[in-house]
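Small disclaimer: the values here were computed from a predicted structure and weren't measured. Order of appearance sets the numbers: ligands from 1, and atoms from 1 within every ligand. Keep in mind that the numbers below use all heavy atoms, side chains included, and drop hydrogens, waters and symmetry copies.
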Amino acid sequence: MSILVVGTVAFDSIETPHGSAEHVLGGSASYFAVGASFFSQVRIVGVIGRDFPEEYLQIFSRRGIDIEGLKREDGETFHWRGRYHEDLNVRDTIELHLNVLSSFVPRLPESYRNAEYVFLGNIDPKMQLEVLDQLGHARVVACDTMDHWIQGSADALRKVLGRIEILVINDSEARLLSGEHNVVRAARAILKMGPRAVLIKRGEYGVLQFSDTSVFATPAYPLEEVFDPTGAGDSFAGGFLGQLARTRDVSQRGLRRAIVYGSVVASFTVEDFGLNRLTKLSLPQIEERYQRFLELTDFHT
Ligand code: AMP
């Protein structure tokens with residue numbers, strides 16, 4: 001079962017208390033695609049500039065990711081520079097250069113249009129809408145966003161929220177979007193905007209899932225050292241949607257298992273800079289940590 005993702009394919013420059021990295025492969029679509037590729041076939045829609053190196057494209061092809069929908073345009077690739085605080089749950093955007101992304105109009109190759117599982121990764125909501133308009137009947141459409149778009153493209157984002165099933169968002173963004181400080185009230189307010197389920201990412205504290213009929217909470221996998229949190233959210237979404245597509249089980253139980261798979265993938269992502277850990281990962285390692293996760297949260301047997 002294949003998954004379509006639209007999002008940023010980026011150069012990331014990252015500073016954490018453990019060190020820094022310049023111009024490494026990043027972006028919401030990249031983390032999502034690599035995270036999901038352990039479970040299902042993934043197709044990327046996005047844009048890169050003339051400066052995007054062949055070796056980064058090979059990272060996708062080695063994971064079997066379809067890049068027919070990744071367009072190369074004249075100009076420079078999207079570039080993000082972020083700095084983490086000692087508390088790794090807090091980061092500042094130091095630089096954001098949209099570059100080729102500012103004039104990007106997503107065009108889906110014919111073979112992408114019947115995708116059943118779709119992730120509208122963090123990108124301008126106007127582009128998320130363009131993708132929705134080109135899709136056939138998808139089984140599950142999930143979406144992410146961030147403060148930059150909540151503040152700058154509120155109307156388009158509202159339209160997106162009315163057309164998706166699952167919103168994946170972090171706690172501070174949920175507060176910003178809803179105007180509610182309490183995370184439970186924020187989730188309730190967001191459910192009224194359209195999605196059937198809201199997944200709230202809380203960094204090292206795990207994930208909360210809200211729907212009209214249920215609430216589910218899972219911790220993050222406890223690690224002694226978090227090296228670089230970049231991409232945790234997107235690779236979480238990749239593992240989550242990848243597992244849904246692999247099993248085609250979108251029941252409440254299937255969603256809960258997928259949330260744990262997403263958490264497992266994210267826990268690997270943060271063990272090294274950028275995509276370094278994910279590019280060395282294997283499905284058996286994911287399955288093994290999934291089992292450890294079951295032990296970690298088991299209090300009823
Ligand atoms: P996260 O999973 O939240 O850590 O996402 C990190 C990724 O988001 C980085 O690889 C960045 O390239 C990307 N990013 C940063 N700012 C934006 C933005 N405004 N829109 C889309 N992607 C972004």
Closest non-hydrogen protein atom to atom 23 (C) of ligand 1, residue and atom name please, with distance?
F78 CZ, 3.7 Å
Could you identify the single nearest non-hydrogen protein atom to atom 1 (P) of ligand 1 and state the distance to 0.1 Å?
D234 OD2, 3.4 Å
Can you tell me which residue pairs pass the ring pair (Phe, Tyr, Trp, His ring centres under 6.0 Å) test with a partner in residues 244-290, sequence neighbours excluded?
F39-Y261, F227-F273, Y261-Y290
Nearest non-hydrogen partners of E271 and L223, listed with the distance
OE2-CD2, 3.5 Å
Under 4.0 Å to a heavy atom of G233 - the qualifying atoms of ligand 1, by number
2 (O)
Identify the closest protein heavy atom to atom 19 (N) of ligand 1: which residue and atom is it, and at what distance?
M146 SD, 3.4 Å
of all protein heavy atoms, closest to atom 21 (C) of ligand 1 is N122 O, 3.1 Å
Start with the C-alpha gap between N122 and T8, add the side-chain angles, then the distance that decides, and say whether side-chain contact (heavy atoms from CB on, under 4.5 Å) holds.
CA-CA 7 Å; N122 187 10; T8 49; 5.7 Å; no
Is L96 in polar range of ligand 1, meaning some N or O pair under 3.5 Å apart?
no
Take a 6.0 Å sphere around CZ of R72 and say whether it holds more than 12 heavy atoms from other residues, nucleotides or ligands.
yes
Does either side chain, that of W80 or that of S13, offer a donor lying less than 3.5 Å from an acceptor on the other one?
no
If the cut-off is 4.0 Å to any non-hydrogen atom of A10, which atoms of ligand 1 fall inside it?
12 (O)
What is the ring orientation for Y56 with F11, classed by angle as parallel under 30°, tilted 30 to 60°, or perpendicular over 60°?
perpendicular
Nearest non-hydrogen protein atom to atom 22 (N) of ligand 1, with distance, is T8 OG1, 3.1 Å
Distance-only donor-acceptor check, side chains T16 and D228, under 3.5 Å:
no
Check ligand 1 against A232 and write out every atom of the ligand that is under 4.0 Å from a heavy-atom position of the residue.
2 (O)
What is the nearest protein non-hydrogen atom to atom 3 (O) of ligand 1, stated with its residue, atom name and distance?
R91 NH2, 3.2 Å
Closest protein heavy atom (residue, atom, distance) for atom 9 (C) of ligand 1:
D12 OD2, 3.2 Å
Residues R50 and D74 bridged, charged N to O under 4.0 Å:
yes
Check each atom of ligand 1 against the heavy atoms of G26 and keep those under 4.0 Å away; list them by number with element.
10 (O)
Among Y31, W149, F236, which one puts a heavy atom closest to atom 20 (N) of ligand 1?
W149
Can you sort out the partners of E55 under side-chain contact (heavy atoms from CB on, under 4.5 Å), two or more places apart, ordered by chain and number?
P53
Find all atoms of ligand 1 within a distance of less than 4.0 Å from any non-hydrogen atom belonging to G231, and give their numbers and elements.
1 (P), 2 (O), 4 (O), 6 (C)
So if I count the atoms of ligand 1 from 1 in the order they appear, which ones are less than 4.0 Å from some heavy atom of G27?
9 (C), 10 (O), 12 (O)
I'd like to check Y84 versus P229 (side-chain heavy atoms, cut-off strictly below 4.5 Å). Are they in contact?
yes
